[in-house]
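What you are looking at is a predicted structure, and each value in this text was computed from that prediction instead of being measured.
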Amino acid sequence: MTSARRPTLLLFLFALLLGLAFQGSRGLYETTEGRYAEVGREMLESGDWWIPQLNYEPHWTKPPLTYWGIAAGIALAGPTALGARLVNGVAFPFVVLAVTWLGTLLWDRRTGQVAGLAYATSLFPIVAASTISTDLLLTLWEVLTAAFYWRAVRTAEDQGENSARATRAWVFAFWTVSGLAFLTKGPPGLLTLLAVLVFHGTGLRRGWGLPRLASPSGLIAFLVVGFGWYLDVIHRTPGLLGYLLGDEVVGRVATDQFRRNPEWYKPLFVYGLPLGLGLGGWLVHLRSLRRAHRTTAARRPLRETLTGDPIHLFLFLWLSLPLAVLSISLSRLPLYVLPFFAVLPLALARALVTGFSKETLRRRVTRTTAIMAILILALKVGSAVFPSRSDMSSLYATIGAASMLASSSDLSREAALRPSRPAPPLVVAVDESALHGLQFYLGGRLNWARTAPEGSAPSLTGLISAIANEPTSAPHLFVARETRAAAVESTLCGSVGVECREAPPGMGWRIWIVTPEARGP
């Protein structure tokens with residue numbers, strides 16, 4: 001191994017350690033983690049890797065690439081939180097390498113390595129790597145989209161004998177990973193491509209000598225990779241195109257039907273906080289950098305800085321254009337800006353490299369990296385030590401104890417009619433959401449009910465009537481939040497034809513054991 005590659009390998013292993021550390025120590029949180037994990041588990045169980053399923057029905061809210069990664073992790077590590085998060089833990093070091101490579105392409109190797117270290121030990125990316133969603137995998141493709149573009153730019157600048165052929169290869173890679181971004185999250189995966197195309201058009205008008213992006217093979221790869229799955233499932237599923245355009249595009253952009261921070265001021269907090277604080281301890285260098293860069297050149301007006309330096313313009317467009325689009329949309333979550341967060345460690349790294357001497361830079365980067373790594377590991381341990389009501393593994397453990405109680409208790413005189421080894425209790429979640437994380441831990445064996453019928457969930461009273469009319473029915477465990485316990489308990493224990501008693505509760509949850517009422521001879 002050459003000395004030039006050794007720092008890259010060490011950075012990869014360091015990021016892999018941070019990405020995988022304690023991934024299985026915290027259970028799945030509702031609602032997002034549970035939903036994604038259950039889709040991946042059902043994909044593995046059914047063997048159908050083409051059509052994502054939730055509750056064993058087609059689930060079209062996202063394309064399948066992230067679910068493929070989750071299912072692969074579950075196949076390797078089992079149906080656990082570690083298995084479900086494994087794809088993120090493995091993807092994280094590759095994102096760090098992509099940021100490092102991009103920093104090297106934009107400036108030099110030292111800047112790239114500092115940017116990689118800053119990204120690997122920033123709080124926002126680490127939180128994303130520890131949370132099951134599409135956004136970290138999407139970030140990998142979008143950072144690579146930017147990196148492949150700049151690799152094509154640098155190759156075209158060489159003017160060597162083989163530069164034209166090599167440039168076409170990098171342009172092809174650029175379009176291919178753009179397609180993978182679309183296959184990961186649909187239209188939001190095109191935001192980095194949008195920024196690149198706007199920058200490219202601006203550069204062509206200014207005569208910057210940028211490479212030709214209109215590559216027939218690259219565009220074909222983009223369409224096949226990004227849209228091939230969509231075209232197939234739309235062709236085979238009547239009405240799917242209308243749902244995807246109406247609910248998943250228009251519904252998210254122009255309406256508040258998903259109730260995800262639609263208020264006009266929410267982007268200031270939803271996006272501003274992760275962008276403003278996501279660097280964590282690296283922010284301490286900003287004051288020193290301000291003093292180090294107090295020169296006339298550093299105080300140039302923004303317009304002059306952007307028009308005079310293509311790299312500054314590119315970074316500005318890569319952050320501002322997607323942020324503007326995401327702010328206009330009425331569906332907003334913090335992780336939506338993760339693919340563009342890389343701009344911040346890149347800009348910070350360049351400022352550190354140009355603002356400090358080599359020795360001062362090494363001392364500052366080493367100290368900050370060590371402190372942030374220790375803090376990150378401590379936060380991961382803390383998330384496992386301190387319980388949360390959203391952690392479905394804790395609720396699953398409580399239900400396991402209640403199941404043993406229900407199976408071993410003689411709750412009615414009909415118990416004698418049941419097998420000597422009674423069927424395991426059936427679990428019913430009475431909640432506004434389906435508790436997919438609990439469903440994941442139960443291997444899919446979870447029923448869902450509402451106090452009032454809505455959508456696919458049956459009414460609680462209807463389910464109780466069915467239990468009362470089946471004298472040999474296995475015990476049922478009904479689970480509800482503390483905040484809804486009174487209404488659920490009055491329905492369960494006040495119903496005719498069933499016997500119910502409360503099992504020991506979990507944190508924030510109440511559990512009732514319900515069986516058919518004993519009947520006389």
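Aromatic ring centres of Tyr230 and Phe182 lie closer together than 6.0 Å. The aromatic ring centres of Phe94 and Phe12 sit less than 6.0 Å apart. Aromatic pair Trp170/Phe174: centroids not less than 6.0 angstrom apart.
There is no side-chain donor-acceptor pair under 3.5 Å between Thr155 and Asp158. Asp247 and Trp60 share no donor-acceptor pair across their side chains, judged by distance under 3.5 Å alone. Looking only at atom types and distance, the side chain of Arg206 has no donor-acceptor partner in the side chain of Thr202 under 3.5 Å away. Side-chain contact annotation: Trp318 with Thr192, donor-acceptor N/O pair under 3.5 Å present. In this model, no donor atom of one side chain and acceptor atom of the other lie less than 3.5 Å apart for Tyr56 and Glu42. Between the side chains of Thr369 and Thr366, no donor N or O sits under 3.5 Å from an acceptor N or O. Side-chain contact annotation: Ser46 with Asp48, donor-acceptor N/O pair under 3.5 Å absent. Between the side chains of Asn55 and Glu38, no donor-acceptor pair is found at a separation under 3.5 Å. Residues Arg260 and Tyr336 bring a donor and an acceptor atom of their side chains to less than 3.5 Å of each other. In the model, Ser133 has no side-chain atom that pairs as donor or acceptor with a side-chain atom of Thr131 under 3.5 Å. For the residue pair His436/Tyr36, the side-chain donor-acceptor check at 3.5 Å is not satisfied.
Comment: Arg236 engages Asp232 in a salt bridge, judged by a side-chain N to carboxylate O separation of less than 4.0 angstrom. A salt bridge links Arg26 with Glu33: at least one charged nitrogen is closer than 4.0 Å to a carboxylate oxygen.
Surrounding CZ of Arg110 are at most 12 heavy atoms belonging to other residues, nucleotides or ligands under 6.0 Å away. When the shell of 6.0 Å around OH of Tyr29 is examined, it contains more than 12 heavy atoms from other residues, nucleotides or ligands.
The aromatic rings of His285 and Trp282 lie tilted to each other, with the angle between the two planes from 30° to 60°. Ring planes of Phe199 and Trp208: tilted class, angle from 30 to 60°.
When each of Leu140, Thr139, Leu138, Leu144 is checked for a side chain to side chain contact (heavy atoms under 4.5 Å, CB included) with Glu142, only Leu138 meets the rule. For the side chain to side chain contact (heavy atoms under 4.5 Å, CB included) test with Phe92, the passing option among Ile126, Leu16, Val87 is Ile126; the others fail. When each of Leu315, Leu191, Leu323 is checked for a side chain to side chain contact (heavy atoms under 4.5 Å, CB included) with Phe340, only Leu191 meets the rule.
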Discussion item. Walk me through whether Arg109 and Thr104 qualify under side chain to side chain donor-acceptor pair (under 3.5 Å).
Written reply: CA-CA 5 Å; Arg109 185 182 299 274; Thr104 302; 5.9 Å; no

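One distance of note links OH of Tyr119 with CG of Leu348; it measures 14.0 Å at 0.5 Å rounding.
A cation-pi geometry, defined here as NZ or CZ lying under 6.0 Å from the six-membered ring centre and within 45° of its normal, holds between Arg364 and Phe356.
Taking all atoms of both residues into account, the shortest heavy-atom contact from Ala373 to Thr121 is N-CG2, 4.4 Å.
Using a 4.5 Å heavy-atom threshold, the side chains of Tyr149 and Val171 count as separate.
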